[in-house]
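Notes to accompany the following structure.
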Amino acid sequence: METDQQDLLVSITSFLNQNHIPYMVTGAWSVIYYGRPRASHDIDFVVEVKRKETGKLISKLKKLSGDFQFQESAVKNAIANKGMFNVLHLPTYLKLDFWLLTSNSFDKSRFARKVTVDVLGEKMVLSSAEDTILQKLHWYQISPMEKSLIDAAFVYQIQKKNLDLQYLSLWAKKLKVTRNLKKLDSIDLEQYI
């Protein structure tokens, strides 16, 4: 399964790169890159697509092989409402979630700070380590699933020497997740390995 996901990640980031669609990988695969290997049922992307580019994006998606399925109406709706659409990879039933970049100040900040890295022989654009932590803490605040907090702790503890702690602190305050940010250093991750 992991190999299927890796192949799919390479294939789709290559597609996005070749078609000049601004994106960043986020969610579980960002955590995997910065923190820990773990299972995931989907691959999450944030993409920047303007309303006037809707038709162009749909025609590009149609050029994907017949192994992929998506609903045009879902793509149109997601772009119009800055929501999310997904593409299903039929051979593996893996889901690709495409979140549209919103005008929310944190979304704009994390998209501006995305980083290009070499993963599996492909240039990929990822959410920064700091923004991966903040997004996971934000999700934990909305829906307190332990997985989100543990993901944030793995990235925090593994990347600590490389983190912009001032940026983390500033956005934690704005997102009202400071209390949980302070917890990350003391979480014993041994039991989750």
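Along the sequence shown, residues carry numbers from 1.
Within 6.0 Å of the CD atom in Gln166, the count of heavy atoms belonging to other residues, nucleotides or ligands does not exceed 12. Residue Glu53 qualifies as enclosed at atom CD: its count of foreign heavy atoms under 6.0 Å is above 12.
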Handout entry: Intermediate values then yes/no, side chain to side chain contact (heavy atoms under 4.5 Å, CB included), Leu137 and Leu175
Key = CA-CA 9 Å; Leu137 291 175; Leu175 295 168; over 6 Å; no
Exercise for the section: Applying side chain to side chain contact (heavy atoms under 4.5 Å, CB included), run through Val10 and Gln6 and close with a yes or a no. Expected result: CA-CA 6 Å; Val10 168; Gln6 289 175 354; 5.7 Å; no
Handout entry: Criterion side chain to side chain contact (heavy atoms under 4.5 Å, CB included) on Leu184 and Asn180, from CA distance to verdict
Key = CA-CA 7 Å; Leu184 298 183; Asn180 285 324; 5.8 Å; no
Exercise for the section: Mind running side chain to side chain contact (heavy atoms under 4.5 Å, CB included) on Lys147 and Lys136 for me, showing each step along the way? Expected result: CA-CA 9 Å; Lys147 180 177 71 172; Lys136 286 292 179 176; 5.5 Å; no
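Judged by distance alone, with hydrogens and angles left aside, the side-chain atoms of Thr13 form a donor-acceptor pair with the main-chain N or O of Leu9 at under 3.5 Å. Within the 3.5 Å criterion, the main-chain N or O of Asn19 finds a donor-acceptor partner in the side chain of Lys60. A donor-acceptor distance shorter than 3.5 angstrom exists from the side chain of Ser186 to the backbone of Lys183, with no hydrogens or angles considered. Put simply, the side chain of Gln159 gets close to the backbone of Tyr34: a donor and an acceptor are under 3.5 Å apart. In this structure, Thr54 contributes its side chain and Arg51 its backbone to a donor-acceptor pair below 3.5 Å.
The two residues Phe106 and Asn104 have their closest heavy-atom pair at N-OD1, 2.7 Å. Minimum interatomic distance between Asp42 and Gln5 (heavy atoms only, all atoms of both residues): N-NE2, 4.3 Å. Contact detail for Ile187 and Ala153: the closest heavy-atom pair is CD1-CB, 3.9 Å. What you find for Ala172 and Leu181 is that their closest heavy atoms are CB-CD2, 3.6 Å. Residue Leu90 comes nearest to Gly66 through the heavy atom pair CD1-O, 3.8 Å, listed as atom of the first residue, atom of the second, then distance.
No side-chain heavy atom of Leu94 sits less than 4.5 Å from a side-chain heavy atom of Ile43.
For the pair Lys108 and Phe111, the cation does not sit on the ring face, since its NZ or CZ is not both under 6.0 Å from the ring centre and inside 45° of the axis.
Under the ring-ring contact (aromatic ring centres under 6.0 Å, His included) rule, His89 has a single partner from Phe15, Phe70, Phe68, which is Phe68.
With rounding to the nearest 0.5 Å, the separation of CD1 in Ile158 from CG in Leu163 is 11.0 Å.
Remark: Lys160 pairs with Asp185 by the salt bridge (Lys or Arg N to Asp or Glu O under 4.0 Å) rule, at least two apart or across chains. Qualifying salt bridge (Lys or Arg N to Asp or Glu O under 4.0 Å) partners for Lys63, counting only residues two or more places apart in sequence or in other chains: none. For Lys176, there are no salt bridge (Lys or Arg N to Asp or Glu O under 4.0 Å) partners, not counting sequence neighbours. Every residue two or more places apart in sequence or in another chain that forms a salt bridge (Lys or Arg N to Asp or Glu O under 4.0 Å) with Asp97 is listed here: Lys95.
Inspection of the Thr102 and Asp107 side chains reveals an N or O donor paired with an N or O acceptor under 3.5 Å.
Between Trp99 and Phe45, the ring centre distance reaches or exceeds 6.0 Å.
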Side-chain donor-acceptor distances from residues 74-84 under 3.5 Å, at least two apart:
| unit_1 | atom_1 | unit_2 | atom_2 | d |
| --- | --- | --- | --- | --- |
| Asn77 | OD1 | Asn81 | ND2 | 2.5 |
| Asn81 | ND2 | Asn77 | O | 3.1 |

Do any side-chain atoms of residues 117-128 form donor-acceptor pairs under 3.5 angstrom with protein atoms, and if so which ones, sequence neighbours left out?
| unit_1 | atom_1 | unit_2 | atom_2 | d |
| --- | --- | --- | --- | --- |
| Glu122 | OE2 | Asn17 | ND2 | 3.2 |
| Ser127 | OG | Thr132 | OG1 | 3.4 |
| Ser128 | OG | Arg113 | NH1 | 2.9 |
| Ser128 | OG | Glu130 | OE1 | 3.4 |
| Ser128 | OG | Asp131 | N | 3.1 |
| Ser128 | OG | Asp131 | OD2 | 2.8 |

